[in-house]
Amino acid sequence: MERLQKILARAGFGSRRKAERLIKQGLVTVNGEVAEIGSKADIKKDDIRVKGKKIAEETLVYYLLHKPEGYICTVSDPFDRPKVVDLLPKEPRVFPIGRLDSDTTGVLLLTNDGELTNFLLHPRYEVSKTYLAKVKGIPNKKALDALGEGLILDDGPTQPAKVQVLKRGQDSALVSLTIAEGRKRQVKRMLAAVGHEVISLHRTKFGPIDLGKLEKGCYRELTKQEVEMLRECQKEC
Ligand code: URA
């Protein structure tokens, strides 16, 4: 027997919070009875339905996508812009683990494992992510120290980042930035706060998952070992 919200999250209904909402709305039944938060069930034996439709144990899939620019991470869009999910198999339906801006490229993980998504996005476990940012100007020591120590953004202070200038051009630089948070447009805002507009942004790593040689617009399934490493992030990343 398992908690219903856990079963629903695993069956592809999104995060546990989303599953809880379905239960609270009275849309979930177990053997004909309307379920409550905290109800337990066994997916193999019980008849569990969401909006009257029987749910089945779904095969969990985990993808690494090299997100190209111009694709959005929301799964439905009133403006019909290109979506990252268009680049992956239609079934089973997957959701991105967090978001990248439309003009950001690089590592994006997608899965139908709501439970793993939930924990990887939980502020308590926020895993580290590494970005390469091409910025206007050359960051000086003061700017790098501010990023490294943490700075104040309009939605609060940032945690210390790992930061390094990898290349200095004439009027631009390539900066590597590793942060363990995932606030909206965080990297761009952090760099803007120290006077450097981001020209392009690319994520090379999410927790232990590295982009490697995966081509832009392509995806691959994560190996069992990689999925295990992501689960282990609860303890380590
Ligand atoms: N930070 C940003 O500013 N944009 C992204 O897409 C990801 C992190």
Side-chain angles (χ1 to χ4, degrees), residues 15 63-77 79 81-88 94-111 117-139 143-144 146-167 172-212 214-219 230 233 237:
S15 66
Y63 297 118
L64 164 60
L65 171 71
H66 184 159
K67 180 191 171 299
E69 44 287 87
Y71 281 75
I72 58 165
C73 289
T74 37
V75 287
S76 65
D77 177 45
F79 304 108
R81 289 169 293 184
K83 296 182 271 301
V84 289
V85 287
D86 299 339
L87 299 166
L88 294 155
V94 290
F95 303 88
I97 303 182
R99 289 186 184 179
L100 291 176
D101 299 334
S102 144
D103 57 356
T104 302
T105 57
V107 173
L108 185 67
L109 301 181
L110 299 101
T111 181
T117 302
N118 214 21
F119 119 68
L120 287 172
L121 295 181
H122 194 287
R124 188 174 348 145
Y125 302 119
E126 278 275 7
V127 299
S128 60
K129 296 124 198 157
T130 301
Y131 297 87
L132 287 182
K134 187 175 177 194
V135 297
K136 282 194 183 164
I138 321 279
L144 297 176
L147 292 164
E149 282 159 20
L151 41 80
I152 311 284
L153 296 179
D154 51 12
D155 55 355
T158 65
Q159 290 168 11
K162 267 192 216 147
V163 60
Q164 200 185 354
V165 177
L166 300 180
K167 242 192 226 170
S172 66
L174 189 63
V175 179
S176 159
L177 197 78
T178 301
I179 57 172
E181 299 165 285
R183 280 141 63 178
K184 211 167 176 214
R185 299 185 67 251
Q186 183 164 349
V187 174
K188 290 177 187 163
R189 289 190 295 132
M190 285 172 74
L191 286 158
V194 293
H196 296 280
E197 191 187 323
V198 170
I199 302 166
S200 64
L201 188 62
H202 177 73
R203 183 156 72 184
T204 58
K205 228 172 157 200
F206 185 109
I209 311 298
D210 199 286
L211 190 58
L214 192 64
E215 301 251 339
K216 201 185 272 186
C218 295
Y219 71 89
L230 282 172
C233 281
C237 292

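Remember, it's 1-based here, ligands and their atoms both numbered in the order they're listed. Nothing here was measured: the structure is a model prediction, and the numbers come from that model.
- Between Lys184 and Asp101, none of the side-chain N atoms (NZ, or NE/NH1/NH2) sits under 4.0 Å from a carboxylate O, so this pair counts as no salt bridge.
- Note on residues 156-165: no pairs pass side-chain hydrogen bond (donor to acceptor under 3.5 Å, both in side chains), not counting sequence neighbours.
- Checked for salt-bridge contact, Asp155 and Arg183 meet the test: a charged N lies under 4.0 Å from a carboxylate O.
- Within 4.0 Å of ligand 1, contacts by protein heavy atoms are made from Leu100, Asp101, Thr104, Tyr131, Arg185, Gln186, Val187, Lys188, Leu201.
- Side-chain contact check for Leu211 versus His66: some heavy-atom pair is nearer than 4.5 Å.
- No salt bridge links Lys67 with Asp103; every basic N to acidic carboxylate O contact stays at or beyond 4.0 Å.
- At a threshold of 4.0 Å, the pair Lys188-Glu197 does not count as salt-bridged, since none of the basic side-chain nitrogens sits closer than that to a carboxylate oxygen.
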